Student: 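Sharing a structure below in structure tokens format, with a few things to ask.
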Amino acid sequence: MRRTLRSMGLGAVWLTALVASAAAQTPQPRQVAAPASDILSGLVRLPDPASTPIVSRAAIVPLVFTRAADATWAAQVELPIDRAGDVALALLSPDAGAWTLHVARGSTAAIERRVATVGDDMPGWVIARYDVKSTTASRWTLQVKAPNSPRPPSSGWLLARTASDLELAAHVTTHRLLAGEPIGLVARLSDESARVDRVHVVIETADQTSTLSMHDDGEHADGASADGVFGAWIEPSTPGDVRARVECTGTTSDGAAFLRTAQLTFPVLEPALAIAGRATARIADEGRLRIEMRALPLSARANFHVSAEVWGRSNDGARVPVCWLSRQVQPARRDGLWILPLELDLRWLDATQAHAPLELRQVRVQDPDTETVLEFVEQLALDAPALPSPAPGGGSITSEMLTGGTALTLPSPAHSALGVQPKPRVPSLMLVHGYCSGGSIWPAADFTQPKTVFLDPNQNRTHNQFALLMYQTALSAGIRSFGVVAHSQGGAASLHLLTYYHSPLDFSVGARRIQSVATPYQGTPLASLGSFACGVNNDMTPAGSATWLAGIPSWARAEVYFWTTANSGSACQFLTDFFLTNPEDGTVEQFRGQLVGGNGMGHVTGWCHTTGMTNPANYTDHARNLAMDAAAAR
């Protein structure tokens with residue numbers, strides 16, 4: 001893109017306009033495009049919801065305390081141990097350090113107790129972990145005791161994991177998570193020979209808690225009857241976050257009782273629009289086709305993320321993909337309808353040798369923040385004027401076709417009211433933290449000037465909100481161009497900014513535009529617990545991250561260089577052992593830290609995700625930091 005801009009003489013125009021428009025805190029959205037290969041590979045298509053389940057080997061039991069005879073508070077839990085071997089138990093609560101756990105019935109083995117704070121993801125929370133060695137399969141009765149106090153203890157959980165590898169997988173069946181519409185929840189065990197006695201789901205919303213039985217009858221979003229898949233329909237009446245705790249009990253093929261729990265968290269939004277009729281197109285200029293979809297407004301919402309595949313016909317008449325288009329949109333109103341625009345660079349027809357008539361497929365309108373699908377149409381007719389035939393011999397795909405024009409629509413240069421010219425803008429390296437970070441994390445001595453530290457402490461931002469704040473930081477710091485070194489969610493937010501918005505990130509010069517450490521590109525199960533310190537973040541659940549990734553084309557992914565890390569043998573944190581699959585760094589599993597199409601730089605052991613864990617925080621690896629600094633674009 002830099003070469004294209006320079007050849008067009010537009011780089012300086014864009015930079016001058018940027019200086020004049022520093023007060024405009026919202027970047028201009030791109031007309032994003034992806035080649036037909038991204039469609040055919042499925043890279044930019046919504047994933048099958050069944051491909052991103054929450055998978056659990058643990059039991060998660062809420063603790064309900066009652067006043068005991070000795071004036072203390074006590075909670076009792078019946079826990080089946082389904083395989084002989086080691087058992088891990090944990091109490092999770094802000095007060096867990098003052099609680100004690102007793103096995104009233106079931107084990108005579110020695111119990112090791114360790115207490116630690118959970119860490120940055122859940123500040124103030126404490127985990128008291130109990131490891132029991134070499135037990136037998138049986139039923140245990142556990143008692144949790146809390147000290148005498150006038151009020152009941154704070155809410156808390158008992159976590160349990162046995163030596164069995166039996167897993168419970170659960171997922172939501174649709175991407176359309178809208179209030180007033182049915183949403184299916186399904187679950188299944190990894191061992192089809194196990195006998196299931198009961199499956200139910202506890203649904204928690206802001207205004208109520210309810211329990212629903214799950215059925216394997218072919219009528220509850222569960223597929224075929226008696227196929228081992230259990231389902232339930234929910235129909236939230238109001239928007240908001242939903243927590244769904246699926247619990248499954250039964251007997252293994254060896255005759256041992258088991259309990260498994262899987263926790264899902266997902267947003268439910270209000271219906272916003274309904275696509276109406278056919279799409280239309282007109283020639284915007286000699287090189288672009290403006291496509292307009294009309295939608296009936298159902299809410300006052302003003303921002304959408306609109307995507308569609310464009311299909312044409314080959315010389316032999318077969319339907320062929322031309323390209324994928326995507327854009328962040330603030331729709332205009334016309335005749336009482338919203339107009340959702342996309343623009344097609346007509347050189348895509350040359351590149352694919354595709355002919356009219358054109359049609360749109362996989363049309364989706366999403367919430368820019370949660371990426372929840374608000375509307376989906378499988379196929380949409382496109383009324384278009386006569387188009388030129390593809391140029392003989394085809395054409396190459398240019399960066400301008402992928403990223404849209406850059407300088408053509410930015411504001412004209414202007415002087416300040418006092419006639420004072422702004423100070424010159426400079427290149428920089430932006431050092432970016434992650435979700436809910438308490439402040440600056442990167443060791444200052446590891447990175448050379450020019451550099452800028454992004455700071456948004458103790459906040460929960462969606463990838464879109466995070467990206468917009470990065471843009472604002474660049475404007476405020478007087479940055480002409482920048483590359484990124486990012487930790488955790490900061491890597492995903494940087495990729496989001498590069499994909500969807502024009503910004504100084506486009507103009508960075510150097511080997512690596514975006515470098516990230518321990519970014520959960522494919523999410524983390526911890527985000528689905530619903531107890532993250534700064535609140536639920538749908539972009540980082542396994543399902544939410546997969547939906548977000550379906551909007552990131554191959555050209556943007558190729559700009560990312562990423563590392564994953566893990567502990568050196570001792571779990572990074574007592575809590576994550578219950579929910580993550582090794583290798584992991586206390587927050588991100590190695591396999592979920594992979595970005596398909598990105599540049600994997602390797603996996604390094606001996607590092608954890610953040611401070612307060614068993615190994616040093618991975619962002620303090622001085623050798624890697626120095627290497628990233630040397631290779632960083634600015």
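Model, not experiment: these values are computed from the prediction.
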Student: Supply the atom-to-atom distance Ile339 CD1 to Glu292 CD, rounded to the nearest 0.5 angstrom.
Tutor: 5.5 Å

Student: Measure the shortest side-chain to side-chain distance between Leu259 and Val61 over non-hydrogen atoms and say whether it is less than 4.5 angstrom.
Tutor: yes

Student: Quick one: closest heavy-atom pair of Pro297 and Leu337, and the distance?
Tutor: CD-CA, 4.2 Å

Student: So do the side chains of Leu142 and Tyr130 get within less than 4.5 Å of each other, counting heavy atoms only?
Tutor: no

Student: Is the backbone N or O of Gln594 less than 3.5 Å from a side-chain atom of Gln522, with the two atoms forming a donor-acceptor pair by type?
Tutor: yes

Student: How about Asp335: does its CG atom have over 12 heavy atoms from other parts shown lying under 6.0 Å from it?
Tutor: no

Student: When you measure from the side chain of Asp539 to the backbone N and O of His463, does any donor-acceptor pair fall under 3.5 Å?
Tutor: yes

Student: Taking the side chain from Asp222 and the backbone from Gly218, do they hold a donor-acceptor pair closer than 3.5 Å?
Tutor: yes

Student: Nearest 0.5 Å, what's the CE-CZ distance between Met293 and Phe304?
Tutor: 11.5 Å

Student: Roughly how far, to the nearest 0.5 Å, is NE2 of His200 from CG of Leu212?
Tutor: 10.0 Å

Student: Validate the cation-pi geometry between Arg461 and Phe466: distance from NZ or CZ to the six-membered ring centre under 6.0 Å, angle to the ring axis within 45°.
Tutor: no

Student: Enter the distance from Leu168:CG to Thr261:OG1 here, rounded to the nearest 0.5 Å.
Tutor: 7.5 Å

Student: Using the side chain to side chain donor-acceptor pair (under 3.5 Å) rule, take Glu378 and Gln362 through it: C-alpha gap first, then chi angles, then the decisive distance, then the call.
Tutor: CA-CA 5 Å; Glu378 185 73 36; Gln362 300 285 308; 2.6 Å; yes

Student: Whether the side chain of Asn567 engages the backbone of Glu584 through a donor-acceptor N/O pair (distance < 3.5 Å, no angle test) should be reported.
Tutor: yes

Student: Check the pair Leu159, Leu575 against side chain to side chain contact (heavy atoms under 4.5 Å, CB included), reporting the backbone distance first and the verdict last.
Tutor: CA-CA 9 Å; Leu159 312 178; Leu575 173 65; 3.4 Å; yes

Student: Where is the tightest heavy-atom contact between Gly336 and Arg333, given as atom of each residue plus distance?
Tutor: O-NH1, 3.7 Å

Student: Got Pro49 and His175 here, is their nearest side-chain heavy-atom distance under 4.5 Å?
Tutor: yes

Student: Hey, what do you get for CD (Gln31) to CD (Gln328), rounding to the nearest 0.5 Å?
Tutor: 11.0 Å

Student: Would you find a donor on one side and an acceptor on the other, under 3.5 Å apart, between the side chain of Trp548 and the backbone of Tyr521?
Tutor: no

Student: Between Glu359 and Trp311 (side chain of the first, backbone of the second, donor and acceptor by atom type, cut-off under 3.5 Å), is there such a pair?
Tutor: no

Student: Check whether Ser516 reaches the backbone of Thr519 with its side chain - one donor and one acceptor, N or O, closer than 3.5 Å.
Tutor: no

Student: Rounded to the nearest 0.5 Å, how far apart are CG of Asn303 and CG of Asp367?
Tutor: 9.0 Å

Student: Trp99: which residues meet the ring-ring contact (aromatic ring centres under 6.0 Å, His included) condition with it, sequence neighbours left out?
Tutor: Phe65

Student: Test your reading of the model: is there a side-chain donor-acceptor pair from Gln366 to the backbone of Glu371, 3.5 Å cut-off?
Tutor: yes

Student: I'd like to check the ring-ring contact (aromatic ring centres under 6.0 Å, His included) partners of His215; sequence neighbours left out, ordered by chain and number.
Tutor: His220

Student: Is a side-chain N or O of Thr251 found less than 3.5 angstrom from the main chain of Gly255, in a donor-acceptor match?
Tutor: no

Student: Check whether any side-chain heavy atom of Tyr500 lies under 4.5 Å from a side-chain heavy atom of Pro368, and answer yes or no.
Tutor: no

Student: Decide yes or no on side chain to side chain donor-acceptor pair (under 3.5 Å) for Ser326 and His305, but give the supporting numbers first.
Tutor: CA-CA 7 Å; Ser326 187; His305 176 197; 2.6 Å; yes

Student: Could you check Asp369 against Gln465 for side chain to side chain contact (heavy atoms under 4.5 Å, CB included), going step by step and ending with a plain yes or no?
Tutor: CA-CA 7 Å; Asp369 286 319; Gln465 293 165 350; 3.5 Å; yes

Student: In sequence, state the C-alpha distance, the side-chain angles, and the governing distance for His603 and Thr564, and then conclude on side chain to side chain donor-acceptor pair (under 3.5 Å).
Tutor: CA-CA 5 Å; His603 180 77; Thr564 57; 2.8 Å; yes

Student: Give every residue pair that meets the salt bridge (charged side-chain N to carboxylate O under 4.0 Å, His left out) criterion with at least one member in residues 253-262, sequence neighbours excluded.
Tutor: Asp82-Arg260

Student: Identify, with sequence neighbours excluded, every residue that meets side-chain hydrogen bond (donor to acceptor under 3.5 Å, both in side chains) alongside Arg245.
Tutor: Glu247

Student: Please examine the side chains of Pro62 and Ser155, heavy atoms only from C-beta on, and report whether any two atoms are closer than 4.5 Å.
Tutor: no

Student: Heavy atoms only: give me the nearest Ala274-Glu375 pair and the separation to one decimal.
Tutor: CA-OE2, 3.3 Å

Student: Please determine whether side chain to side chain donor-acceptor pair (under 3.5 Å) holds for the pair His355 and Ser314, giving the CA-CA distance in whole Å, both sets of side-chain angles, and the decisive distance to 0.1 Å.
Tutor: CA-CA 6 Å; His355 301 261; Ser314 64; over 6 Å; no

Student: Is Asp241 paired with Arg243 through a side-chain N to carboxylate O contact shorter than 4.0 Å?
Tutor: no

Student: Which atom names give the shortest non-hydrogen contact between His496 and Ala467, and what distance separates them?
Tutor: CD2-CB, 3.9 Å

Student: Would Asp197 and Arg195 count as a salt bridge (Lys or Arg N to Asp or Glu O under 4.0 Å) if you check the C-alpha gap in whole Å, the side-chain angles of each, and the deciding distance to 0.1 Å?
Tutor: CA-CA 6 Å; Asp197 294 334; Arg195 190 190 77 199; 3.0 Å; yes

Student: What's the shortest heavy-atom distance between Gly312 and Leu358, and which atoms?
Tutor: CA-CD2, 3.8 Å

Student: Under the salt bridge (charged side-chain N to carboxylate O under 4.0 Å, His left out) definition, can you give me all pairs with a residue in residues 40-62, not counting sequence neighbours?
Tutor: Arg45-Glu309

Student: Would you say that more than 12 heavy atoms from the other residues, nucleotides or ligands in this model lie under 6.0 Å from the CZ of Arg139, or not?
Tutor: no

Student: Using only heavy-atom distances, determine whether the side chains of Ser93 and Ser154 contain a donor-acceptor pair under 3.5 Å.
Tutor: yes

Student: Under 3.5 Å, side chain of Thr352 to main-chain N/O of Trp348, donor-acceptor pair present?
Tutor: yes

Student: Under a 3.5 Å threshold, yes or no: a donor from one side chain and an acceptor from the other, between Ser225 and Asp217?
Tutor: no

Student: Less than 3.5 Å apart, any donor N or O on the side chain of Thr462 or Asn464 sitting next to an acceptor on the other?
Tutor: no

Student: Would you name the heavy atoms of Cys248 and Val199 that are closest together and state the gap between them?
Tutor: SG-CG2, 3.8 Å

Student: Is the shortest heavy-atom distance from the side chain of Arg278 to the side chain of Leu382 under 4.5 Å?
Tutor: no

Student: Identify every side-chain donor-acceptor pair in residues 181-190 under 3.5 Å, counting partners at least two apart or on other chains, and give the distances.
Tutor:
from: Glu181; atom 1: OE1; to: Arg176; atom 2: NE; distance (Å): 3.4
from: Glu181; atom 1: OE1; to: Arg176; atom 2: NH2; distance (Å): 3.3
from: Glu181; atom 1: OE2; to: Arg176; atom 2: NH2; distance (Å): 2.7
from: Arg188; atom 1: NH2; to: Glu192; atom 2: OE2; distance (Å): 3.3
from: Ser190; atom 1: OG; to: Glu167; atom 2: N; distance (Å): 3.0

Student: Run the numbers on Trp157 and Leu63 for side chain to side chain contact (heavy atoms under 4.5 Å, CB included), then give the verdict.
Tutor: CA-CA 5 Å; Trp157 303 83; Leu63 295 174; 5.6 Å; no

Student: Do Val32 and Leu325 come within less than 4.5 Å of each other through their side chains, counting heavy atoms only?
Tutor: no

